[in-house]
Amino acid sequence: MGIKAGPGEIYTVRRKILKIFGAAFHVYDAQGSVVGFCKQKAFKLKEDIRLFTDESCSTELLRLSARQMIDFGATYDVTTPQGDTIGSLRRKGLKSSFVRDEWLVFDESGVEVATIRELGSIAPIARRYMDNIAVFLPQRFEVLRSSDGARIATLRQHFNPFVYRLGVAVHEDDEMLDDLMLLGATCLIAAIEGRQN
């Protein structure tokens, strides 16, 4: 089943329905073809999310693993299947829990290269304190380069009361944040935000 991407979106991450344990997401390109499959393992004390080329899970692209079991400002290491670190993502704990979501993106050396920030002023707060309001107020994020604040990409939750979908539009190529790292970040956000919604 193909997914129609929104204007300017090159990827769409869509939650797989009828999955009882854990979470799974298909990754579609702008033409609606499946280009990836993301799987969140169930019953793990630490988050373990893997991105594969397809649903057969035969070719793994990257892994996202939480550093600790319980961490208010959780940090997720992004690694290759061979264990080489390509970066990390850290959620700003207090801000993300009570005001709006914000993530810091680091390269393999631990240098901050980007920020992923939820957009809006009233909607993010309403989503946190009003039941079921997230259905009517879809999330939007912007990805900003740390060095100059330039907008690299935007993530937009599609309005759909039944299936969580997150579209990715890339506005500027960035050597510090390639498409694979951006897709990993999108899958992580989809897994965490989709669970909260």
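- With rounding to the nearest 0.5 angstrom, the CG atom of Asp174 is 14.0 Å from the CZ atom of Arg151.
- Closest of all the heavy-atom pairs between Leu177 and Ala114 is CD2-CB, 4.2 Å.
- Follow the hydrophobic side-chain contacts under 4.5 Å out from Val13 and you reach Ile10 in the same cluster.
- Both Phe141 and Ile192 belong to a common hydrophobic cluster when Ile, Leu, Val, Met, Phe, Trp and Tyr are linked at side-chain heavy-atom distances under 4.5 angstrom.
- To the nearest 0.5 Å, atoms CZ (Arg91) and OG1 (Thr75) are separated by 12.0 Å.
- Residues Ile116 and Val105 form a side-chain contact, since some pair of their non-hydrogen atoms from C-beta on lies under 4.5 Å apart.
- Separation of atoms OG (Ser88) and CG (Asp107) is listed at 8.0 Å; rounding is to 0.5 Å.
- Taking hydrophobic clusters as Ile, Leu, Val, Met, Phe, Trp and Tyr residues chained together by side-chain heavy-atom distances below 4.5 Å, Val170 shares a cluster with Val35.
- The shortest side-chain heavy-atom distance between Cys57 and Phe37 falls under the 4.5 Å cut-off.
- Follow the hydrophobic side-chain contacts under 4.5 Å out from Leu144 and you never reach Val113; the two are in separate clusters.
- For Arg90, the CZ atom is loosely surrounded, since the number of other residues' heavy atoms within 6.0 Å does not exceed 12.
- From His26, atom NE2 reaches atom CZ of Arg165 across 13.5 Å, with rounding to the nearest 0.5 Å.
- Between Ser58 and Asp54 the shortest heavy-atom distance is OG-OD1, 4.4 Å.
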Requested in this report: Check the pair Tyr76 / Arg67 against side chain to side chain contact (heavy atoms under 4.5 Å, CB included), numbers first and verdict last.
Outcome: CA-CA 6 Å; Tyr76 297 83; Arg67 288 186 183 167; over 6 Å; no
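- Leu104 and Ile152 end up in different hydrophobic clusters when Ile, Leu, Val, Met, Phe, Trp and Tyr side chains are linked at under 4.5 Å.
- Taking every heavy atom of both residues into account, Tyr164 and Gln139 meet most closely at OH-OE1, 4.0 Å.
- Summarising the geometry of Ser146 relative to Glu112, their closest heavy-atom pair is OG-OE2, 3.2 Å, with the distance given to 0.1 Å.
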Identify each donor-acceptor pair in which a side-chain atom of residues 179-191 lies under 3.5 Å from a protein atom, sequence neighbours left out, and give them as a table.
residue : atom : partner : partner atom : Å
Asp179  : OD2  : Tyr11   : OH           : 3.1
Thr186  : OG1  : Leu182  : O            : 2.8

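- To the nearest 0.5 angstrom, Gln157 atom CD is 11.0 Å from Leu155 atom CG.
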Query - Criterion side chain to side chain contact (heavy atoms under 4.5 Å, CB included) on Ile49 and Lys39, from CA distance to verdict - result: CA-CA 6 Å; Ile49 299 170; Lys39 189 162 109 176; over 6 Å; no
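- Residues Met176 and Arg145 have side chains not in contact (no heavy-atom distance under 4.5 Å, counting atoms from C-beta outward).
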Query raised in the report: Do Glu60 and Arg50 pass the salt bridge (Lys or Arg N to Asp or Glu O under 4.0 Å) test, and can you show the C-alpha distance, the side-chain angles, and the key distance before you say yes or no?
Result: CA-CA 7 Å; Glu60 188 175 328; Arg50 308 220 175 169; 3.7 Å; yes
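- Annotation: side chain of Val27 is in contact with side chain of Leu51 (closest heavy-atom distance under 4.5 Å).
- Glu142 and Thr154 are not linked by any side-chain donor-acceptor pair at a separation below 3.5 angstrom, with hydrogens and angles left out of the test.
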Report task. Please test Arg156 against Leu166 for side chain to side chain contact (heavy atoms under 4.5 Å, CB included), starting from the C-alpha separation and ending with a verdict. Result -> CA-CA 5 Å; Arg156 178 182 68 92; Leu166 197 59; 5.7 Å; no
Requested in this report: Please report the C-alpha distance between Gln40 and Glu47 in whole Å, then the side-chain angles of each, then the deciding distance to 0.1 Å, and finally whether the side chain to side chain contact (heavy atoms under 4.5 Å, CB included) criterion is met.
Outcome: CA-CA 8 Å; Gln40 181 182 23; Glu47 294 274 10; 2.5 Å; yes
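- For the atom pair OG1 (Thr12) and CZ (Arg14), the distance works out to 10.5 Å, reported to the nearest 0.5 Å.
- Residues Thr79 and Asp77 bring no donor and acceptor atom of their side chains to less than 3.5 Å of each other.
- Across all their heavy atoms, Arg15 and Phe25 have their closest contact at CA-CD2, 3.3 Å.
- Between Thr115 and Val143, the closest side-chain pair of non-hydrogen atoms is not below 4.5 Å.
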